Amino acid sequence: MTATMEPSTKVTSPRLDSKVPETDDIANMWENHKFSMKLVNPNNKRKFTVIVVGTGLAGSSAAATLAELGYNVKAFTFHDSPRRAHSIAAQGGINAAKNYQNDGDSVHRLFYDTVKGGDYRSREANVHRLAEVSVNIIDQATAQGVPFARDYGGLLDNRSFGGAQVSRTFYARGQTGQQLLLGAYSALNRQIESGGVEMHNRKEMLDLVVKDGHTAGIVTRDLLTGEVESHSAHAVVLATGGYGNVYYLSTNAMMCNVTAAWRAHRKGAFFANPCYTQIHPTCIPASDDHQSKLTLMSESLRNDGRIWVPTEFDDSRMAKDIPEGERDYYLERKYPAFGNLVPRDVASRNAKTVVDEGRGVGPLKNGVFLDFADAIARDGAETIKAKYGNLFDMYQNITGENPYERPMRIYPATHYTMGGLWVDYHLMTTVPGTYAIGEANFSDHGANRLGASALMQGLADGYFVLPYTIGDYLADKLGDGIVPTDDPVFKEAEAQVADQTNKWLSVNGTKSPEHYHRELGKIVWDRIGMARDQNGLEKAQDEIASLEEEFKTNVRVMGDNTSMNTELEKVGRVADFFELAKLKARDALVRNESCGGHFRVESQTEEGEALRDDENFSHSAAWEWHDESTEQTKHEEQLEFKHVKLSQRSYK
Amino acid sequence: MAQTIPDLRNPQPIRNRKKPLPFPFNVWQSAIGRKWIMALTGVGLLGFVIAHMIGNFHVLEGPAKFHEYAEVLRDLGGGIIPRMWLLWILRLGLIAMFGLHIAAAYTTKEISRKASDGANFMDGQKSYPGGRDYVAANYASRTMRWTGPIILLYLIFHLADLTWGLLPHTNYVKGDPYNNLSTSLGNLPVAIIYIAANIALALHIFHGTWSLFQSLGLNNPKYNNARKGLAAGLAGVILLGNLSFPILTQVGVIDNDKNECAQFTEQAENTECFEELLSHGGE
Amino acid sequence: MSENNINITLDVWRQDGPADKGRFETYEAKEISTDSSFLEMLDVVNERLIDDEKMPITFESDCREGICGTCSLMINGQAHGPNKGQATCQLHMRTFKNGDHITVEPFRAKSFPIIKDLAVSRAAMDKIQHAGGYITVSTGSAPDANLTPVPKEAADMAFDAAACIGCGACVAACPNSAAQLFTSAKVQHLNLLPQGQSERWMRVEQMVDTMEDYFGTCTNHGECYEACPKEISLDFIAFMNRDYVKAKIKNRKLAGQN
């Protein structure tokens, strides 16, 4: 199967109405739009039921805020507690245009940096709104008791993060994600206690139910009993995270998956830009075949560490035995201005280049050095310990090596996915009444996400955007009841879910779901990883398809469907990863340009940098599902840049 | 064993919450409140143990002085409060503290038992069938629920022996504590019982003293490090002090042969005898 | 066998369901890389079990970097294994020696019913959080974040409490099945901050009362602190005890009197 190269249509598909207000006044666009949207009277809000799937930053904040407004909220998580969602693992921080440091930050600058950082593949209107509400997030989180870092005067501290030219990142030691999630979770707890939110733990959404073109509800599987249930609502909000685990090895948690988003895609929600994946440059390299995940270390390490590899190929000497003259500080050499602080994609790709050349370090030759010797000599070990002590400890625990004495080994790993369900300015997918927020949508980061922006976007969507925009949809539904769960659409969906689940148990093959996930991940990492080319992507499509065939006929799922069965949970998620991987390869293939996290070997500058093709690819690609035997159709949303001038990124 | 299937999302509470009582009874309703009461009564009992020990050192001054000490206790509040009254008030206070201390201990233990039911609750504590490895819990802390009852039994024995004179091994003479103490502890098995019980008491005090700071919330990083030292010191001093009585009796330092009034068996008679002695300077 | 590999023997608690009787089963885990984590070792054991058409061992984990609190396990009688300040997912096999015999059990407490094998339900901990683990501030009503300075020491201490990942190791390690360390961390995180003062007394009462609905009583052994992957201090338990009885005594109408 080789996909044909679809030429760009250069016009926005009529199916993709972005609902961006028609105004050139971007600074007041959101403010004015809030006024023009329809409202639901406070007394009427209780007549609406909203389902929120996922309880990470975006889901918890949305569920809590909707309940505060008076909506009936049903929240779902497949975890045992909302607090376990993977937002919890974010280390670095959260951006906000507070300008507390008086260094010239502003909403416009954050907007500008985010559009530019996203390599001009995001929607200006959404990004500007994100920058605007960023300041409210910090206020909200602080009031909830999130213990952000403070200076001795008791005011909030900031740091510069991920190469930003201003200090706008708020942080809570190395666990900003956990603290912000605990804040959102506490708001959710208050609503659970007061009855505003009906919490459903350990239930996995396995289908979206649509009736007459409008969202009717979801079908879930109870992970403790295997019971398939329907839940009906006026609107469904998907806050189910990204699809980074399609690579098998990533910094995502073991259970992160694309299933909820993918099932929505199969019910009519367009899936946008699946080829955009962020590869984080500072992760700990894999140590063996049984590695289950990769651990990320905060990017802040690059502030003081110097990245290098030996100049010689296949050099097996210890780092300390390699003389200065035989070390290649390749980032400092190639990018004198930014040096080790180049953006994530640039740092990642350069690491891949030197490792592919055979200059990798470590037992498996799969990493590059991140060396603190100079920083320790300059500032003293105590200072370095104060700044990075916990990260150094973590590194030592995982690798068994002492980073104070020998350089760390790092290598890029999949970290975040910018693609996701296509949404309009209201964060609604192409299925009316179904919304996608946080990492599950595609909207704000374009082709590349800036450091400390993921937490910002999740909370912006959940606290300050969705709760307003959802009213515009619901206002028209006043008086409409929810579709009863014994309606045929629900019964059909339930039967389908139950059938599929039982089918997995009866394949009786020979290999575990884990095995196929790992094999799939290898293909995706090799072919749709940091650098992609036409040949590899075409091969990837074939390889994925044939592995999927084998998977469907040879997977072995142990256990039953009446008690907790993690194998059975896993197999369905792997099946969805297969379908996603095929689309990802196709999306990467037709996007014949390099941009942000998507690097096409065919499209690079003479110096080997990513080269955008704004003429042909200044659009988001949104894919429409038809059925299993028909390939998805591509729709384009053309991107206009009225407020940020298009320019080729340069970090020289 | 028939077991009901637990609700995995809504675990069954281990006890039913009662309607809140007015202050101060509401303090008793919670386990933390009971721990406060246990700690406060523990402080009171600790004070008694220390005072009792110090008072007993009068035994080293000889029978007459020891008798005088006993009389002073009976005359507490002398001149203002009728004889024996204040002593009885103190005794009632002690009994109340004992009662509350024991009730709090027993009921909180029961709560813990219920909280560990089904998790192989054995020997007063939760256990892991695969075995478990204690890191912080020491012998003293893990044996509180054994040393407590041992102390209670010992207390009853001690009262029966030296206060009520019910035990045959002691040649009990009311009003002659020197005689009673020395004849009781002169008996080797009894001395061993006293020694064993006081080791249990010291262990109980060791964990209790450190623990009460936590239970009362008396916590300040500036002196936190001193808490364990204080507990060890206090337990050690009380252990040495209390063990000195049976040991000194066994080695003959405390001996009823030194008791010049030993021939009197009526309280009035030996009071007269001792007062006579004291008026001659205790000789 | 490569020098980085070890052979170990596992005694693993297997239990089919919440109401079933459990038992230990013994597995030989051969050729385990010392660079792998304890959970990756279990992954390997499970894949081999599946290859032999046997039921894999059910255990829970998610982030595998010690922050989500999903993983549990009592390893050789210690919650999260022998290393201090680590969750099970951070425990690496280099901690063990070739030929070691390792016992693996679920976290045990009445309010942690076993779901299957090594997976337990910790829903009771969420109930404590529902009861008062929040500051009442509806979205949009927050004042500017820098309006109230928070002394750095207070903020740092609140953070030390907030670092709790809610894994339940404290309950598992506690001989009384008490949840004091967890609850105190959650209570004091908010009670130490100026933002948390309005609801301070109500919060501590509600959360403690809910805790006592499900868990045992603290006897100050200190096992919880030793087991805690985030090394939450016992000091928070003392602070909670103090706040709780103060809350009983105080007249709330005089809210300004702290």
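Predicted, not measured: the structure shown is a model, and the values here were computed from it. Chain letters run A, B, ... following the sequence lines, proteins first, then strands; residues in each count from 1. The analysis underlying the following values was restricted to heavy atoms, covering all of them including side chains, and did not include hydrogens, waters or symmetry mates.
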Given the options P151(C), G69(C), S33(C), which has more heavy-atom pairs under 4.5 Å with chain A than any of the others?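 When all of P151(C), G69(C), S33(C) are compared, G69(C) has the most.
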Who wins among H189(C), M125(C), K186(C), E153(C) for the most heavy-atom pairs under 4.5 Å with chain A?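 So the answer, after comparing H189(C), M125(C), K186(C), E153(C), is H189(C).
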Under a 4.5 Å cutoff for heavy-atom pairs, which residue among L69(A), T510(A), T295(A), I398(A) has the most contacts with chain C?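 Looking at each of L69(A), T510(A), T295(A), I398(A) in turn, I398(A) comes out on top.
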Under a 4.5 Å heavy-atom cut-off, does chain C meet the side chain of [X], its backbone, both or neither?
X	answer
S81(A)	both
I138(A)	both
Q91(A)	side chain
E68(A)	side chain
N201(A)	side chain
D393(A)	neither
L181(A)	neither
Q178(A)	side chain
Q291(A)	both
Q191(A)	neither
D80(A)	both
T251(A)	backbone
S194(A)	neither

[Y] and [X] side chains, donor-acceptor separation under 3.5 Å:
X	Y	answer
N158(A)	Q101(A)	yes
Y100(A)	D144(C)	yes
H79(A)	D62(C)	yes
H290(A)	S36(C)	no
D243(C)	N191(C)	yes
D139(A)	T142(A)	no

When you check the gap from the basic side-chain N to the acidic O, do [X] and [Y] get nearer than 4.0 Å?
X	Y	result
R556(A)	E47(C)	no
D52(C)	R48(C)	no
R94(C)	D35(C)	yes
E25(C)	K54(C)	no

Given a strict heavy-atom distance threshold of 4.5 Å, which part of L49(C) is in contact with chain A: side chain, backbone, both, or neither?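 Nothing of L49(C), per the 4.5 Å heavy-atom cut-off to chain A.
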Heavy-atom contact with chain A under 4.5 Å, split by part of R64(C):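 Both the backbone and the side chain of R64(C) come within 4.5 Å of chain A.
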Working to the nearest 0.5 Å, report the span between CZ of F159(C) and CZ of F148(A).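 Reported value, rounded in 0.5 Å steps: 10.5 Å.
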